[in-house]
Structure formats: C-alpha cells, structure tokens
Amino acid sequence: MGRLIAKGLTERIGQTVVVENHAGAGGNIGTASFVREKPDGYTLLVATSSTNAANPHLYKHLGFDPAKDFSPIAFVAKIPNVLEVPKDSSFKTYKDLMDYAKAHPGKLNYGSAGVGSSQHLAASLLKHLTGINVVHIPFKGSGPAASALMGGQLDFMIDTGSVNQVKAGSLRALAVASEERTAALPKVPTFAELGLPDMIAFAWYGIVAPAGTPDEIVSYLNKEINAVVQSPEVKQHLEDMGAQVPPPSDAKAFSSFMQSELSRYGDLIKMSGAKME
C-alpha cells in the first residue's frame, strides 16, 4: 500500500518518493525511528491499526507516544476482516459454523498472525458477541496461518489478507466484518446482514508526519494524498486488495479517527486478554 501511494504521489508532486521498510517488533522499531525525523514533510509514515492503535496496549516499551509523536495527514483505506473456512469445509454458511460451535464448545480452532493481531482481536470480538468457545492457534505471521487454513489444519480464520485466496477458490468466505459489503467480495454478506451488527473489525492505513510538522505542509500533503487515493487507478487497486476507500477528509478528521481507534483497540485487547511476552 505504501508503494502504491508513493508512486501516485511521485507523479503528482514531481519529486521521487522512496519507500523504506523498517521491520521488527510488530512495526515498533520503524515507527520509533520515524518519530525522530525532522518535521519538515519530507519523511512520512504509513501508520496502521497495528502500530498506532493496538501495539500501544500490547508492548510496554514502544519507543514512541501514539498520542503525541505524530501529525496525522490522511486516511488511506481500511480492510475489513473476512470470516473464512477451507474450501472443502463442511461449513457452507455462517449459520453452519455458529450452530456447530455452540453445540460443540472447545472443538473448533481458529488461526491468527499472533497474539494481539487483527485476526486474534476480530475472533475475540466474535467470541464475545456470540458466546462461542473456540481455540486460538497463533502463528508467526498471517501467511503461515492462511496456509494452515487452506491445508485444513484450522477450522476458520477471520483475516484481512486472504481475499485473493477466496477469489481463487482456495478458501470460502462466509461473512465480512464491515458496515457494507466489499467490492472485492460482493456476494459475501456482512455480519450485520446475518444478525450480528456489532461485529465490525478492520485494519486501517493512513499517512502521518512527525509531530510538529507545519499546518501548511500537512494541508498540502493531505490534498495531494487524497487525490492519489481517489484516482480511479489507485482506488480500483485498493478495492481489488479487499480495501474500502473512505471519502476524502482533512487531517483533523483523521486525527480524531486515530484517537478513537486507540481507545477502541484498548477495549478490544482488554476483552481478548492478549499480552505480549
């Protein structure tokens, strides 16, 4: 997603935008390094629901302050979680899965990218709302978890990154955890349509600058990034990934959203009981 935005921004502003990956500690290492950059608009960060909403409640030593170290610029997209089962699963519908789970507590398992991941938190929310008792199997990343699901080692997963596997027929999608159906999976109902309106779970992505970046720079970048995201080519690419592109909004609105998500994720993580070692 970062490379997609960088390409479009390069074309709009006439300056090369270089993408640098800084992995480690669930994104904390790169984020902690970023907040020490000059607040001049030349260094930006792809902020996510993991780094800027979930991790502050999971890690004791972040290396940054999620409320004070950023100048939010633009909301790019959100990717709703999708309830998926193996293609050969006997569960053909959401009701099939729920009926079995309620009749056989502790018999079904689900996978995730790890403790505190979006998959884990989404499944914890489903458990809370429905009262089902299912077993969490954490993996080291969503890729291994999705592979285990496709191989039939898992009963289900609530994931944001397996849309292509669903389209290819390797997985079967039963429900989408968003207010409306996604363009990528138009035939898959929302949880709300299935009687569970509070089952809303998604990963989100946006662009931020270091705290103290001048308002005029933030405003300029907000305008240009919104233009990139709303362009037909980029918007289609994002939707093909399973993302939902929000209407253009200003930096203040994105800042308010980030603050509300920080609070919401605190409640989700408390509910899940997730703790990092």
Side-chain angles (χ1 to χ4, degrees), residues 1-79 113-118 121 140-142 203-229 249-266 268-269 274-277:
M1 193 171 293
R3 295 185 187 281
L4 188 64
I5 302 303
K7 179 177 181 293
L9 201 55
T10 294
E11 295 169 354
R12 283 195 61 86
I13 68 176
Q15 294 192 50
T16 301
V17 181
V18 179
V19 177
E20 296 182 359
N21 293 324
H22 291 276
N28 291 343
I29 292 176
T31 304
S33 173
F34 166 79
V35 299
R36 296 192 292 270
E37 297 285 345
K38 293 181 180 180
D40 56 10
Y42 282 92
T43 304
L44 307 176
L45 174 76
V46 178
T48 74
S49 47
S50 293
T51 53
N52 290 69
N55 286 4
H57 303 286
L58 292 169
Y59 293 85
K60 291 183 179 179
H61 305 291
L62 280 176
F64 61 90
D65 186 324
K68 298 179 179 179
D69 286 343
F70 305 94
S71 291
I73 295 176
F75 190 8
V76 173
K78 61 182 181 180
I79 302 181
V115 173
S117 65
S118 64
L121 297 180
K140 292 183 177 180
S142 57
W204 57 260
Y205 303 81
I207 306 298
V208 300
T213 300
D215 290 344
E216 59 269 24
I217 293 177
V218 170
S219 180
Y220 169 75
L221 289 171
N222 171 268
K223 177 183 176 182
E224 295 300 328
I225 292 169
N226 275 329
V228 170
V229 174
S249 61
D250 60 20
K252 185 176 181 180
F254 182 43
S255 178
S256 296
F257 172 79
M258 288 182 66
Q259 291 172 17
S260 67
E261 284 294 281
L262 185 62
S263 175
R264 187 175 74 89
Y265 267 83
L268 280 175
I269 288 167
K275 293 181 180 179
M276 301 302 291
E277 295 296 333

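What you see is a predicted model; the values in this text were computed from it and never measured. Keep in mind that the numbers below use all heavy atoms, side chains included, and drop hydrogens, waters and symmetry copies.
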**OP:** Indicate yes or no for a side-chain donor-acceptor contact from S255 to the backbone of A251 under 3.5 Å, with no hydrogens or angles considered.
**Re:** no
Original post:
Any donor and acceptor pair, going by atom type alone, linking the side chain of H57 with main-chain N or O of S263 inside 3.5 Å?
Top reply: no
Subject >> Residues L9, E224; criterion side-chain contact (heavy atoms from CB on, under 4.5 Å); working and verdict >> reply: CA-CA 7 Å; L9 201 55; E224 295 300 328; 3.8 Å; yes
Original post:
Are the side chains of L45 and I207 in touch, meaning some heavy atoms are under 4.5 Å apart?
Top reply: no
Original post:
Short question: side chain of T213, backbone of G41 - any donor-acceptor pair under 3.5 Å?
Top reply: no
**OP:** Apply side-chain contact (heavy atoms from CB on, under 4.5 Å) to the pair N21 and R3, showing each step before the final yes or no.
**Re:** CA-CA 10 Å; N21 293 324; R3 295 185 187 281; 3.3 Å; yes
**OP:** Over all heavy atoms of both residues, which pair between K38 and P210 is shortest? Give the atoms and the distance, please.
**Re:** O-CG, 3.8 Å
Original post:
Would you find a donor on one side and an acceptor on the other, under 3.5 Å apart, between the side chain of N226 and the backbone of N222?
Top reply: yes
Subject >> Shortest non-hydrogen separation from A53 to L262 and the atoms involved >> reply: O-CD1, 3.8 Å
Original post:
Under a 4.5 Å cut-off applied to non-hydrogen side-chain atoms, are N55 and Y265 in contact?
Top reply: no
Original post:
What is the distance from atom OG of S256 to atom CD of E261, rounded to the nearest 0.5 Å?
Top reply: 12.0 Å
**OP:** Using atom types as modelled and distance alone, determine if a side-chain donor or acceptor of T31 lies under 3.5 Å from a backbone N or O of G27.
**Re:** yes
Subject >> Atom pair OG1/NZ of T16 and K7 - distance to nearest 0.5 Å >> reply: 12.5 Å
Original post:
Can you find a heavy atom in the side chain of V76 that is under 4.5 Å from one in the side chain of M1?
Top reply: yes
Original post:
Between the main-chain N or O of P66 and the side-chain N or O of N52, is there a donor-acceptor pair closer than 3.5 Å?
Top reply: no
**OP:** Mind listing the closest non-hydrogen atom pair of S50 and P56 along with its distance?
**Re:** O-CD, 4.3 Å
Subject >> For the student: nearest non-hydrogen atoms of T51 and F64, plus distance >> reply: O-CZ, 3.5 Å
Original post:
Between the side chain of S142 and the main-chain N/O of A113, is any donor-acceptor distance below 3.5 Å?
Top reply: no
**OP:** Could you tell me the separation between the CZ atom of F254 and the CZ atom of F70, rounded to the nearest 0.5 Å?
**Re:** 10.5 Å
Original post:
Closest approach of S49 and A203, non-hydrogen atoms and distance?
Top reply: OG-CA, 3.3 Å
Subject >> Heavy-atom closest pair, residues F257 and S260 >> reply: O-OG, 2.7 Å
**OP:** Go through the steps for F75 and V229 under the test side-chain contact (heavy atoms from CB on, under 4.5 Å), then give the verdict.
**Re:** CA-CA 9 Å; F75 190 8; V229 174; over 6 Å; no
**OP:** Kindly indicate whether the side chain of L44, heavy atoms from C-beta on, has any atom under 4.5 Å from the side chain of L221.
**Re:** yes
**OP:** Give, for atom OG1 of T43 and atom CG of D40, the distance between the pair rounded to the nearest 0.5 Å.
**Re:** 6.0 Å
Subject >> Heavy-atom side-chain proximity of F34 to V208 below 4.5 angstrom >> reply: yes
